[in-house]
Amino acid sequence: LQFLYFIALLLSPLSRKMPQKVLVLGAGLVVAPLVGYLSKHGYEVVLASRGLDKAQKIVEGLKGCSAAQVDAASADDLPKLTELIKDSVMVISMLPWLLHATAAKVSIENGKHFLTTSYLSDAMRALDSAAKEKGLVMINECGVDPGTDHMSASRVMDAAKAKGGKITSFTSYCGGLPAPQNNNNPFGYKFSWAPRGVLLAARNAAKYYENGEIANIPSERLWAVARKMDVSGFDKPFEGVPNRDSTLYKEIYNLPDIKTLIRGTFRYAGWADILLSLVKLDMLDLTEGAINMTYKEMMLKQANGSGDVKAAVSAAVGHAVDSEVLKAMEWLGLFTDDKVEANTRLDSVCELMKKKPEMFYAEGEKDMIAMKHTYEVEYPDRTEYLSTQLVDYGLDDGTTSMSRTVGLPVAIAARMVLEGQIKLTGIQIPIIPEIYNPILDELAKENIIFEDKVDKVVKKDA
């Protein structure tokens, strides 16, 4: 009888720790490592997506994982979304950022933690009090950029502050690029999704601190201020271009003594000259209307020239006919007699890019994430010049570096919250030790390693 009682006790639901169920919204290109990590660590995952087939493909063969179909953008599917949220302990949204707030609101109302990799929006900030009242955490900006850029930089700067240092300069650049062996087109870039988004981002203005002054860079000059940045392990420097408003990070990072503060994007050398030339020709214009001409005719018109299209474009953009810039334009097809089939000049460029297989990742090709921070730290007796670097490559099995560096940090954060290592409540971004230390330590176990260096120390005169 005692034996039977013991067996019954083992089989009792009360005696077994049931896996916790995490709801992941969105089945995009960066989700698979997130789901795989949570599955590996014993969590059940429901991957919910508008396209059921995509979700099913990701969860196939993963223990405790299942797929569900829901359109988070549809009011008709709100009851279904609500039921999925109620049936979970946590929600991770990998949806487009505009859709986060609706899912977050339902999550908080039903007592669920909410995490995402997107930039913190005003709509999300508005949920801070409600989350705190229920003892829930809402971690935002927990991918790669934003995400591990915050974490790796904050770890270094917090350590310097703790030693009495004043951060007077901080720059941070990150880019998703083809691995060097697969960098096989004149633009030095490959798309993992639609080219239009990248070209739209190329139209942004920028704002940053430099040498104690605020620099406001209009969109037409953005690529003119790209600067060369050395990255260890590469013979040629990368190009860094500022990204939107960096001045906000003086307060976010608590840098009262900062004189130079720039956050930006990495590209291989050459990209900036090509983009600046396209801007000079007004080829990123979004004015809609039938173009009704060939690419050659359009380029002659934009260059205010006639006759030889290469000579006209060369004169307009200030690069020689045999320069790498014009070679890239010719390779893309901008000098051909092909008819333009687009309603804006920006989309005319997109259409050509979409027709070039070399501008997309082929099977077996690898991507790369390159990130570098530089710091100047003032002490009473010295100035330290520090740097942090990450270079991470896609895996042999086809898993991209982008998917790992975006998906794993938020997956690790989810695990740390559920295991009680992160006990914070309300809106958070990963700039405090309670969040960034365990995530960076766990990423190192996944071979995503940030290398911190002291590049130079300059002693001050007594």
Surrounding [atom1] of [X] (heavy atoms of other residues, nucleotides or ligands, distance under 6.0 Å), is the total greater than 12?
X: Lys236; atom1: NZ; result: no
X: Trp331; atom1: CH2; result: yes
X: Arg203; atom1: CZ; result: yes
X: Asp235; atom1: CG; result: no
X: Lys80; atom1: NZ; result: yes
X: Glu251; atom1: CD; result: no

Sub-4.5 Å side-chain heavy-atom contact between [X] and [Y]:
X: Val279; Y: Leu222; result: no
X: Lys280; Y: Leu276; result: yes
X: Leu386; Y: Asp452; result: no
X: Met299; Y: Leu281; result: yes
X: Lys207; Y: Ser246; result: no
X: Leu200; Y: Leu346; result: yes
X: Ser192; Y: Phe360; result: no
X: Tyr253; Y: Phe170; result: yes

Quick check for you: to the nearest 0.5 Å, what is the distance between [X] atom [atom1] and [Y] atom [atom2]?
X: Leu95; Y: Leu25; atom1: CG; atom2: CG; result: 5.0 Å
X: Ser348; Y: Leu334; atom1: OG; atom2: CG; result: 7.0 Å
X: Met90; Y: Lys112; atom1: CE; atom2: NZ; result: 11.0 Å
X: Asn183; Y: Glu365; atom1: CG; atom2: CD; result: 10.0 Å
X: Phe238; Y: Lys228; atom1: CZ; atom2: NZ; result: 11.5 Å
X: Leu98; Y: Thr102; atom1: CG; atom2: OG1; result: 9.5 Å

Ion pair present between [X] and [Y], side-chain N to carboxylate O less than 4.0 angstrom?
X: Lys57; Y: Glu60; result: no
X: Asp338; Y: Lys296; result: no
X: Arg263; Y: Asp245; result: no

- Does the pair Glu330 and Lys310 meet the rule for a salt bridge (Lys or Arg N to Asp or Glu O under 4.0 Å), with working shown? CA-CA 9 Å; Glu330 183 173 27; Lys310 290 185 190 177; 2.9 Å; yes
Backbone of [Y] reached by a side-chain donor or acceptor of [X] within 3.5 Å:
X: Thr344; Y: Asp347; answer: yes
X: Lys63; Y: Tyr43; answer: no
X: Ser121; Y: Met124; answer: yes
X: Glu376; Y: Glu384; answer: no
X: Ser88; Y: Val91; answer: no
X: Glu451; Y: Leu390; answer: no
X: Thr336; Y: Gly333; answer: yes
X: Asp367; Y: Met402; answer: yes
X: Asn243; Y: Gly264; answer: no
X: Ser154; Y: His150; answer: yes

- Item | Ring-ring centroid check Trp271 Tyr189, cutoff 6.0 Å | yes
- Item | is_close_aromatic(Tyr375, Tyr385), centroid dist under 6.0 Å | no
Which heavy atom in [X] sits nearest to a heavy atom in [Y], and how many Å separate them?
X: Gly165; Y: Val377; answer: CA-CG1, 3.7 Å
X: Arg404; Y: Pro33; answer: N-CG, 3.9 Å
X: Arg50; Y: Gln69; answer: O-NE2, 3.1 Å
X: Val410; Y: Ile92; answer: CG2-CG2, 4.0 Å
X: Pro242; Y: Ile262; answer: CB-CG2, 4.1 Å
X: Pro409; Y: Thr148; answer: CG-CG2, 3.7 Å

Would you kindly say whether [X] and [Y] are connected by a side-chain donor-acceptor distance under 3.5 Å?
X: Asn140; Y: Thr116; result: no
X: Asn184; Y: Lys190; result: yes
X: Tyr436; Y: Ser152; result: no
X: His100; Y: Ser118; result: yes
X: Tyr173; Y: His373; result: no
X: Ser387; Y: Thr374; result: no
X: Tyr37; Y: Glu442; result: yes
X: Ser401; Y: Asp392; result: yes

- Under the side-chain contact (heavy atoms from CB on, under 4.5 Å) criterion, do Leu199 and Met353 qualify, and how do the steps go? CA-CA 11 Å; Leu199 293 184; Met353 288 177 164; 4.1 Å; yes
- Item | salt bridge (Lys or Arg N to Asp or Glu O under 4.0 Å) assessment of Arg345 paired with Asp282 | CA-CA 8 Å; Arg345 286 193 289 277; Asp282 207 16; 3.0 Å; yes
- Message: Would Leu284 and Leu275 count as a side-chain contact (heavy atoms from CB on, under 4.5 Å) here? Give the steps.
- Response: CA-CA 9 Å; Leu284 301 186; Leu275 266 289; 4.1 Å; yes
- Item | Evaluation steps, side-chain contact (heavy atoms from CB on, under 4.5 Å), between Val144 and Met371 | CA-CA 9 Å; Val144 60; Met371 185 187 298; 3.8 Å; yes
- Go through the steps to decide whether Leu443 and Ile412 satisfy the test side-chain contact (heavy atoms from CB on, under 4.5 Å), and finish with yes or no. CA-CA 8 Å; Leu443 283 173; Ile412 294 166; 3.7 Å; yes
